[in-house]
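Remember, it's 1-based here, ligands and their atoms both numbered in the order they're listed.
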Amino acid sequence: MTKFLSIQEAMNTSSGRVAIRGWIHRERGSNKLKFVTLRDSSNIIQCVFERAKFEEQWSEIDKLQVEAAIEIEGEIKADARAPTGFEVQAEKIVIVGKSDTFPIAKDQSVEFLADNRHLWLRSRKMTAILKVRSTVFGAIDEYFRSEGFYEYHSPIFQAVQCEGGSELFSVNYFDKKDVFLAQTWQLYAEPAIFALEKIYTISPSFRAEKSKTSRHLTEYWHAEMEVAWANFKDIQDYGEKLIKHIVKAVLEKNKVELEILGRDWKKLVPTVEKPFVRMTYTEALKILKEKCKMEVEWGKDLRTIEEEKLVALYDVPVICTHYPKKVKAFYMTEDPKNPEVVQGCDFLAPEGNGEIIGGSHREHDLEKIKERLIEQGEDPTQYEFYLDTRRYGSVPHGGFGLGVERVIKWVCGLDSIKDAIAFPRTMERYKP
Ligand code: ATP
Ligand code: MG
């Protein structure tokens with residue numbers, strides 16, 4: 001049996017006979033020679049076929065098109081003119097899968113690439129992003145496990161809502177109508193802290209986002225955590241350490257990919273090395289007024305444009321805390337010093353990438369949380385199972401949710417969140 005090396009491994013051996021396999025990334029030929037750039041998951045390499053060595057197979061080799069799958073054996077050597085500095089002089093070829101004319105060529109529209117997403121995944125751009133994505137998921141697991149968290153899973157079919165009804169997807173659940181897809185795990189996570197104390201998950205969340213922004217998907221991967229006994233500062237500290245860990249992992253493992261993406265990775269270094277900027281909502285309004293000449297009325301949520309101006313002043317994420325009670329969810333604790341604001345925080349990523357984490361300290365008093373539910377127009381009787389968390393040994397606790405694609409968009413320097421996931425789902429796009 002032939003022992004195949006990855007293209008990268010073959011280049012690392014740098015000379016001698018190698019066997020490699022992959023897909024044709026580019027090809028050009030003449031009567032006597034065929035040049036093929038071969039691609040596998042590790043890299044690309046130039047391969048040369050001389051007609052004199054392949055008289056019998058030549059007509060087939062000559063017809064090979066982009067994306068055909070082939071196995072090659074031959075001599076590898078350094079060649080400064082080749083795209084990745086090496087070339088294989090082919091001695092043997094097996095054509096494993098021929099390719100029709102590949103629909104994707106240069107300069108195709110965003111729409112065309114979206115329609116052909118299943119093929120576009122093979123591009124160097126998407127391959128690089130998907131590798132970074134894999135690092136990000138691994139780093140999230142690594143971080144939480146290293147801090148003693150248990151991985152815990154909540155249902156996707158849910159019968160209560162947490163983040164506001166307008167973004168719910170209802171599903172046909174047999175003959176039932178009051179079933180939704182999860183927007184967050186939170187109401188089903190809080191009951192579990194009484195068993196496990198520190199829990200996390202990475203799971204899809206669904207939001208019927210009607211706005212077309214560069215940072216909203218209808219299906220996204222949500223890394224969430226919940227911790228018993230935690231105070232508000234603990235929640236912010238976990239978030240900061242998590243993001244530092246993710247960015248550090250990407251810088252360690254994916255510089256090559258960031259370069260393929262044209263991402264200036266030096267801009268990510270301060271996030272790993274410096275403390276994040278923490279400020280209250282009220283301080284943020286003051287800074288916006290003084291440094292950005294933007295006036296925001298106290299009590300209004302920050303808009304994208306205001307968040308962008310604010311983060312542009314710093315090279316690390318900004319943790320904005322203590323928002324007005326009315327713009328935040330019912331479960332956030334009031335600030336003991338000022339009941340007009342709540343102990344909730346948004347982490348805003350640098351370079352205009354917007355909110356990547358939303359978190360809070362959770363109200364643990366039964367009567368207060370019922371009051372807040374009613375204030376927000378909810379019916380507390382629908383939340384009985386959740387209110388039990390406040391009836392039997394309630395403790396201070398808190399948690400946050402991180403949008404994984406938002407983080408990938410930021411670290412990769414992407415224009416749109418749609419490229420941070422293989423098959424993006426938005427209001428308009430649910431195929432292929
Ligand atoms: P936004 O104001 O940007 O819509 P949000 O306040 O609705 O965010 P949360 O409910 O706090 O967000 O959700 C937690 C995290 O999930 C957010 O910080 C963000 O990173 C991510 N997130 C929220 N909605 C989406 C979405 N539609 N697509 C991708 N990620 C999202
Ligand atoms: Mg939202």
Side-chain angles (χ1 to χ4, degrees), residues 133 136-137 140 154 158 161-169 180-187 189 200-226 235-236 238-240 242-243 246-247 276 281 284 300-308 310-311 317-321 323-324 326-332 342-350 352-362 376 398-412 414 416-430:
R133 185 178 163 98
V136 171
F137 275 74
I140 294 170
S154 60
Q158 300 186 352
Q161 50 170 294
C162 192
E163 299 292 329
S166 62
E167 292 168 5
L168 285 173
F169 276 112
F180 314 102
L181 298 180
Q183 289 174 304
T184 167
W185 81 332
Q186 191 185 322
L187 301 187
Y200 82 98
T201 196
I202 318 179
S203 160
S205 273
F206 302 88
R207 299 195 180 188
E209 306 281 4
K210 290 185 191 81
S211 56
K212 287 175 230 156
T213 75
S214 60
R215 60 175 80 132
H216 288 93
L217 297 166
T218 52
E219 174 182 324
Y220 72 97
W221 287 75
H222 205 171
E224 296 188 87
M225 61 84 92
E226 197 70 34
I235 300 305
Q236 296 170 58
Y238 279 122
E240 175 164 347
L242 169 64
I243 290 172
I246 295 171
V247 174
F276 292 5
Y281 164 87
K300 290 237 159 93
D301 206 356
L302 296 181
R303 292 174 306 160
T304 304
I305 172 80
E306 288 136 9
E307 286 178 355
E308 277 173 7
L310 187 67
V311 298
V318 173
I319 309 178
C320 189
T321 63
Y323 285 83
K326 36 183 180 199
V327 303
K328 289 291 179 191
F330 71 90
Y331 48 74
M332 299 188 184
V342 286
Q343 302 194 88
C345 54
D346 285 357
F347 284 52
L348 309 174
N353 281 287
E355 181 189 325
I356 47 175
I357 284 185
S360 71
H361 193 245
R362 322 296 195 197
Q376 303 214 350
F400 64 69
L402 168 145
V404 185
E405 285 78 16
R406 296 242 180 125
V407 171
I408 296 166
K409 171 184 183 287
W410 163 44
V411 296
C412 290
L414 307 175
S416 167
I417 194 169
K418 287 187 258 180
D419 280 334
I421 186 164
F423 291 96
R425 298 295 182 239
T426 62
M427 191 174 174
E428 270 134 23
R429 169 83 49 196
Y430 50 92

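Under a 4.0 Å criterion applied to the non-hydrogen atoms of Gly358, ligand 1 contributes the atoms 11 (O), 18 (O). Taking a cut-off of under 4.0 Å to the non-hydrogen atoms of Glu209, the atoms of ligand 1 that pass are 24 (N), 26 (C), 27 (N). The contact set between ligand 1 and Ile356, taken as ligand atoms under 4.0 Å from a residue heavy atom, comprises 18 (O), 20 (O). Of all atoms in ligand 1, listed by their number and element, those nearer than 4.0 Å to a heavy atom of Ile357 are 18 (O). In summary, the atoms of ligand 1 found under 4.0 Å from a heavy atom of Arg215, numbered by their order in the structure, are 28 (N), 29 (C).
Residue Leu402 has no nitrogen or oxygen atom sitting less than 3.5 Å from a nitrogen or oxygen atom of ligand 1, judged on distance alone. The N/O atoms of Glu167, backbone and side chain alike, include none that comes under 3.5 Å of an N/O atom in ligand 1.
Of the listed options Glu355, Arg207, Gln183, Arg207 places a heavy atom closest to atom 10 (O) of ligand 1.
In this structure, a donor-acceptor pair under 3.5 Å is present between the side chains of Glu224 and Thr184.
When atom types are taken as modelled, the side chain of Arg362 and the backbone of Tyr331 share no donor-acceptor pair closer than 3.5 angstrom.
Assignment of Glu405 to the shell around ligand 1 is not supported, since no heavy atom sits closer than 4.0 Å. Contact annotation: Ile417 has at least one heavy atom less than 4.0 Å from an atom of ligand 1.
The neighbour count for Phe169 CZ, taken as heavy atoms of other residues, nucleotides or ligands under 6.0 Å away, is above 12. In Lys418, the NZ atom is not crowded: 12 or fewer heavy atoms of neighbouring residues, nucleotides or ligands sit closer than 6.0 Å.
The existence of a salt bridge linking Glu405 and Arg133 is confirmed by a sub-4.0 Å separation between a basic side-chain nitrogen and an acidic carboxylate oxygen.
The ring-ring contact (aromatic ring centres under 6.0 Å, His included) check on Tyr323 picks up Tyr281, with sequence neighbours excluded. Every residue was checked against the ring-ring contact (aromatic ring centres under 6.0 Å, His included) condition with Trp410, not counting sequence neighbours, and none meets it.
Heavy atoms of Arg406 found under 4.0 angstrom from ligand 1 belong exclusively to the side chain.
Closest of all the heavy-atom pairs between Met427 and Glu209 is CB-O, 4.0 Å.
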